[in-house]
Novice: 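Can you keep this structure in mind? I'll have questions shortly.
Any value given below was found using the heavy atoms of this structure, including those in side chains, with hydrogens, waters and symmetry copies removed. Just so it is clear: chains get the letters A, B, ... in the order the sequence lines come, proteins before strands, and each one is counted from 1.
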Amino acid sequence: MFVIQNKLRSVNSVYTKMAAVSAMGFSQHLSSNDFAPDWTSREVSTGTTIMAVEFDGGVVMGADSRTTTGAYIANRVTDKLTPIHDRIFCCRSGSAADTQAIADAVTYQLGFHSIELDEPPLIQTAANLFKDMCYRYREELMAGIIVAGWDKRRGGQVYTVPVGGMLTRQPVSVGGSGSSYIYGYVDSNFKTGMTKEECLRFTAGAISLAMERDGSSGGVVRMAVISEEGVERQVILGNELPKFSTV
Amino acid sequence: MALSYVLETPVSGFNFENSTRDARLESFLGDMKVKAPRPLKTGTTIAGVVCKDGVVLGADTRATSSEVVADKMCAKIHYIAPNIYCCGAGTAADTEKTTDLLSSNLTIFSMNSGRNPRLVMAANILQEMLFRYKGQIGAHLILGGVDCTGSHLYIVGPYGDLDKVPYLAMGSGDLAAMGIMEDRFKPNMETEDAKILVRDAIHAGIMSDLGSGNNIDICVITGEGVDYIRPYQESEYKDMRQRKYKYKPGTTAVLGKSVIPLEMQLVEEIVQQMDTA
């Protein structure tokens, strides 16, 4: 009796182990080689700070430039402001591969839509395309995206699509791992009716503060101003960042 | 192309049945401390630099299987197109086959369109394929080359993330190699200086990383053509082997000898005329 019971028990444990292995997935196969450090098996994440602000006549978008794989900085001069259309840009945060793939897919869909309409697309359309993809594949993707730009119907707009696939329009939006450190600064310094220059200073200041405190954000600050006239891009190098009081 | 001994038509693309089987086997036999054989990793140092006239790629030549060096003269710089080469780090089989697939695709494209392939196309094809397999293909690839739009260097990770950079290093020895690159890289370097920089970067990787070693390969791609220097520098620890394994007669003592003739009978004889006309 005992022998039979033991056999049954061991068979059950094998089944649970097999189920556990298939549930765990294959991440183990790429890791645990003596010569390969942790970052060769980790996914590349943008662990970032991104931001967008509306002003009358357009939007100002900003991002840091650090892409990390675990503790290693894979690219210290990344461009996280990706053009989707002539007057629509998106800021990417989360998994680098996922956000690049989503941005490519949406660029294609939006381009096709715009050619069909024979008109520049609306920012709301672009944001909804992002939201559809991020929500439908929410289990497989890790992507937090801010879509911003200028269109004729509503002027400058900022929409945010965080992880999970929600969509909402906000006058100012921050995202990424560094955003937690600047909610206070953003909430206290944002005013409606700022000019383009004030928005630029506001964005540069916010991102610099986040880069100061967040280990996964750093490098340079890249900014883009989108308005009816077009897109102006700027880079603020590490030694030119705005300085706040030294602690 | 049907092979006579294949039982079923192979499905296109990669097949991961064996990795499921390996995972189950390992957990099943884990109690008895039996491990599945490890995949051959290139545990490598690869580097690339965009210089004034083109791109210089470099790689070490060691392929490891856990703690044993499996291949001392492994070629890590793979041919993609006449003007595009690709260095691969990660699982050796994955980098080989991925670059082979890419090369075939680009050759077909060239033939169809009559154009030389561009770097950005190669990089996008790689990115789409690797993203589709969600990191299961362990290939970290550095793509470098010169096309009608200029000289470019791209890096594609196993999850499908793409970056375009002027210089970079990859592989297990990349921290050491990147240090050399960050220190001495300048934009628009001369080709000779770029070769020395890449050699020094790979050398740093070889000296500081156990998974990299042996010789250094360099590949210089310019508008005029490709100079694939293999090896650019041989390891100073290379041993001299005689490669002679003949022994003197009499080394092994003969203890005895017996001869048994085999008797054969002719059972059937068939003569078939061959038509030579």
Novice: Run the numbers on B:Arg62 and B:Asp71 for salt bridge (charged side-chain N to carboxylate O under 4.0 Å, His left out), then give the verdict.
Specialist: CA-CA 6 Å; B:Arg62 176 179 289 184; B:Asp71 191 349; over 6 Å; no
Novice: Carefully, step by step, assess A:Arg233 and A:Asp79 under the rule salt bridge (charged side-chain N to carboxylate O under 4.0 Å, His left out).
Specialist: CA-CA 11 Å; A:Arg233 300 211 56 169; A:Asp79 186 7; 2.9 Å; yes
Novice: Given A:Asp64, which partner from the list A:Thr49, A:Thr78, A:Thr48 fulfils the side chain to side chain donor-acceptor pair (under 3.5 Å) test?
Specialist: A:Thr48
Novice: Checking B:Leu162 against chain A: side chain, backbone, both or neither under 4.5 Å from a heavy atom?
Specialist: both
Novice: Side chain from CB out, backbone as N, CA, C, O: work out which of these in A:Asp104 comes under 4.5 Å of a heavy atom of chain B, or both, or neither.
Specialist: side chain
Novice: Sort B:Glu128 into side chain, backbone, both or neither according to what part of it lies under 4.5 angstrom from a heavy atom of chain A.
Specialist: neither
Novice: Salt-bridge test for B:Asp60 and B:Lys76: reply yes if a basic N is under 4.0 Å from a carboxylate O, no otherwise.
Specialist: yes
